[in-house]
Amino acid sequence: MSEFSLIDLIHEQISVRREDVVLGSGDDCAVLQPPAGKQLAITTDTLIAGRHFPLDTPAHAIGYKALAVNLSDLAAMGAEPAWVSLALSMPKQDGVWLAEFARGFAVLAEQHGVQLTGGDTTCGALSITVTAVGFVEPGQDLRRAGAQAGDDIYVSGHLGQAGYELRHQSAPELRKALNYPVPRVQLGQALVSVASAAIDISDGLLADLGHILAVSGALGAEIALSRLPVATGPAALTAAEQWELVLAAGDEYELCFTAKPGQRESIAHLAGSLGLALTRIGHVCADGAICLVKSDGSLYHLSRHGFDHFFEE
Ligand code: ADP
Ligand code: MG
């Protein structure tokens, strides 16, 4: 199969066409027309086989996740996704594998109306780099910096499932949360007028909350362990094992955000309208440490800092 029929195969599967794409794939560059008055948010993430996903991951899941992790970054910025490009390095020209990969990628492209506007295809170790572009209103992007002492801390969804699957599910097709994370695109856009800061949880809740606190001015936090929303897999484990997975395993792509206590009602309303849990897990403090508080009021310390990341960033 030639490089060009491989590229055609990708575009056959990923068939979203948008009017703001003046010139799509096929020339030396794509030409794109942003809406008048909007700013562009742009992000890139690379997935390397054996490092960011297990080697036995199905092609469909790899394609899905390559787009999911990038849409998650746009979500965490409050951006509306529009365009993506795909740089793909593969060890051999395998049309069957590539069609499955592209079908997985197309699931989210179609869901979010995102057009694949071009890319690059090379021969080499399996690695996927996606660049995603979205729109934000000027001054309305949702940054990591912006949290203040006294703000509430929230997390979307239920946590710990991806880390649980990586450690406890040997069959790749059982790793649903790990392979098919849901980027919280609608939530991110809705949070623009509600949250003071936001981030997606790719490195683990504690590490990513730590990023918000650090760039917001060396702030700290108090987290109530009993409030953490635990997913079904880890719920069967001991409390300490649950906390480790929920706080440190990562690869979750939920959003962690901060908001003024005056926003509690709108956040509850938003959770209802999205059908998505938005759990208040603690609050931001002026002094720069993160305290994990047990239900008896005593402090808990994670056994291993940062946990044993199988697949690091
Ligand atoms: P160039 O020589 O300019 O790098 P290529 O031969 O790599 O061009 O690509 C030809 C066209 O196919 C370009 O428009 C490019 O954007 C598109 N393309 C290449 N690889 C991919 C891919 N993996 N996904 C989508 N489009 C691709
Ligand atoms: Mg090229």
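Worth saying up front: this structure is predicted, and the values here are computed from it rather than measured. Note that ligands are numbered from 1 as they come in the structure, with each ligand's atoms numbered from 1 the same way. By convention here, the first residue in the shown sequence is residue 1.
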*Should L219 and D151 count as side-chain neighbours, where that means a heavy-atom distance under 4.5 Å?*
no

*asked:* If I apply the N/O under 3.5 Å rule, does I10 come out as touching ligand 1?
replied: no

*Do the ring centers of Y180 and H60 come within less than 6.0 Å of each other?*
yes

*Are any of the side-chain heavy atoms of K65 and D251 separated by less than 4.5 Å?*
yes

*Under 4.0 Å, heavy atoms only, figure out whether ligand 1 is touched by the backbone of T121, its side chain, both or neither.*
both

*Got an N/O contact under 3.5 Å between L116 and ligand 1?*
no

_Per-atom contacts of ligand 1 with G118, taking only distances under 4.0 Å to non-hydrogen atoms_ = 16 (O), 24 (N), 25 (C), 26 (N), 27 (C)

*Which residue from T129, I7, L88 reaches closest to atom 9 (O) of ligand 1 through any of its heavy atoms?*
I7

*Could you name the option among C29, G24, G26 that has the heavy atom nearest to atom 11 (C) of ligand 1?*
G26

_Any donor-acceptor N/O pair, N70 side chain to D45 backbone, under 3.5 Å_ = yes

*What atoms of ligand 1 come within less than 4.0 Å of a heavy atom belonging to D27?*
13 (C), 14 (O)

*Does NE2 belonging to H168 count more than 12 external heavy atoms closer than 6.0 Å?*
yes

*Backbone, side chain, both or neither: what part of T117 comes under 4.0 angstrom of ligand 1, heavy atoms only?*
neither

*Which of the ligand 1 atoms, numbered from 1, are nearer than 4.0 Å to a heavy atom of S25*: 12 (O), 14 (O), 17 (C), 26 (N)

*Does atom CG of D28 have more than 12 heavy-atom neighbours, drawn from other residues, nucleotides or ligands, at distances under 6.0 Å?*
no

*Is it true that atom CD of Q186 has more than 12 heavy atoms of other residues, nucleotides or ligands lying nearer than 6.0 Å?*
no

